[in-house]
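Notes for the one structure printed next.
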Protein chains: 2
Amino acid sequence: MKIGELAKATGTQVETIRYYEREGLLPETSRTDGNYRIYGEAHAQRLSFIRHCRSLDMTLDEIRVLLRFKDAPTENCGEVNALLDEHIGHVAARIRELRSLERQLKGLRDLCQEARDAAHCGILNELARQGSEGGSSAAGHVHGAHGRSVERKSINDKRK
Amino acid sequence: MKIGELAKATGTQVETIRYYEREGLLPETSRTDGNYRIYGEAHAQRLSFIRHCRSLDMTLDEIRVLLRFKDAPTENCGEVNALLDEHIGHVAARIRELRSLERQLKGLRDLCQEARDAAHCGILNELARQGSEGGSSAAGHVHGAHGRSVERKSINDKRK
DNA sequence: CTTGACTCTTTAGTTGCTACAGGGTTTCTA
DNA sequence: TAGAAACCCTGTAGCAACTAAAGAGTCAAG
């Protein structure tokens, strides 16, 4: 099948499929005379696997690990279990962070019940207060389920 | 004070400060003869405000709205309340999504209790199964507290 | 006067795609 | 059989909110 059919079959966008190929998650396929990619059932299954993992919010790096195991079926799958445990840990941590965030936001919201002039708005005044670092999760603000991986990397000591 | 001192005073990175200036969140400052930016107390307070908002996971666009109100103290702050309510809604929605995700992941994890060969790993086999779309949140996977704004935009019908 | 710490601008990288430009190919229809 | 519509190709740029690094200038201390 051609890329558009694979896209329809798996509910994926065509550009995403080409992106996965560039990223090495899908193998390079053979081509028709007109340079069109052609896919078989195995490709569709592999892509479904990837999309399923993505729907569980795994990163492409995590998915790469899982694909390595799928490609080597005699390997011991202990690492798969570990990866999933770690991923669950990420998600649980994020939920905790967001719950703390929700509490803070609700507390903030309570500071201004009725609309008045901005100079006396309890919300704006509270947000202007200094030294609010000691919240709960010192790590900072929250992005994906894969919290701080990028930031951590950047915190690599560069001062000598 | 110079940019490095401001950075230290507010716990912000120097590059981030310059980035905020480019983005219009901080005003362009006056400069020394040597073309160094110089900041005063007002800048430090504004930057603290921004960082405080960011620690509450607001987007820069949301913060821009709040800053508009801080800069116009006679305006009615009703929109501030609305913005915060909406933000709280985002966060609550994300928590719900992540909880559902956590349940799915734990269910998946239960499928492989002991490490064995990958071909018989319940996790890998389940992930390979087709048609897993009907999860719980049909929107797809989860990114920030500001869920799908980008994706939504891209779903703009382009077919005529 | 030189070393080192600081600052400047500009550019590219991060993640996981998405969208576009500017082509070529295939397929359908008149 | 021509021409249009629908598909496909590569390559590049954009999103958010920064971070990092290159290459150069400025300033304070020893």
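Taking atom CG on B/Asn35 and atom P on C/dT10, their separation rounds to 11 Å, with Å as the unit. Here the C1' atom of nucleotide C/dT26 and the NZ atom of A/Lys2 are 6 Å apart, to the nearest Å. Distance CD1 (B/Ile3) to P (D/dT19): 13 Å, rounded to an integer number of Å. For the pair A/Arg18 CZ and D/dC8 C1', the interatomic distance rounds to 7 Å; values are reported in whole Å. The interatomic distance linking A/Gln13 (CD) with C/dC20 (C1') rounds to 13 Å, in whole Å. As rounded to whole Å, 14 Å separates atom P of D/dC7 from atom CD1 of A/Ile17. Here D/dT19 presents its P atom at 17 Å from CD of B/Glu21, a figure rounded to the nearest Å. Atom OH of A/Tyr20 and atom C1' of C/dT18 are 12 Å apart (whole Å).
Applying the 3.5 Å distance criterion, the base of C/dT7 shares no donor-acceptor pair with the side chain of B/Tyr36.
With respect to A/Leu47, the side chain to side chain contact (heavy atoms under 4.5 Å, CB included) criterion is satisfied by exactly one of A/Leu25, A/Ile17, A/Thr16: A/Ile17.
Of all the heavy atoms in B/Glu62 and B/Met58, the pair that sits closest is OE1-CA, 3.2 Å. Annotation for A/Leu56 and B/Leu127: closest pair CD1-CD2, 3.8 Å, computed over non-hydrogen atoms.
Between A/Arg22 and the phosphate of D/dT12, there is no side-chain N or O to OP1/OP2 separation shorter than 4.0 Å. Dashed line: the shortest gap from a side-chain N or O of A/Arg64 to OP1 or OP2 of C/dT15 is not under 4.0 Å. Distances shorter than 4.0 Å separate some side-chain N or O of B/Arg37 from OP1 or OP2 on C/dT9. For D/dT19, one of the phosphate oxygens OP1 or OP2 lies less than 4.0 angstrom from a side-chain nitrogen or oxygen of B/Thr16.
Checked for salt-bridge contact, B/Arg68 and B/Asp71 miss the test: no charged N lies under 4.0 Å from a carboxylate O.
Between the side chains of B/Arg51 and B/Tyr20, at least one donor N or O sits under 3.5 Å from an acceptor N or O.
The 5' end of DNA chain D is approached more closely, in terms of each residue's nearest nucleotide, by B/Asp61 than by the other of B/Asp33 and B/Asp61.
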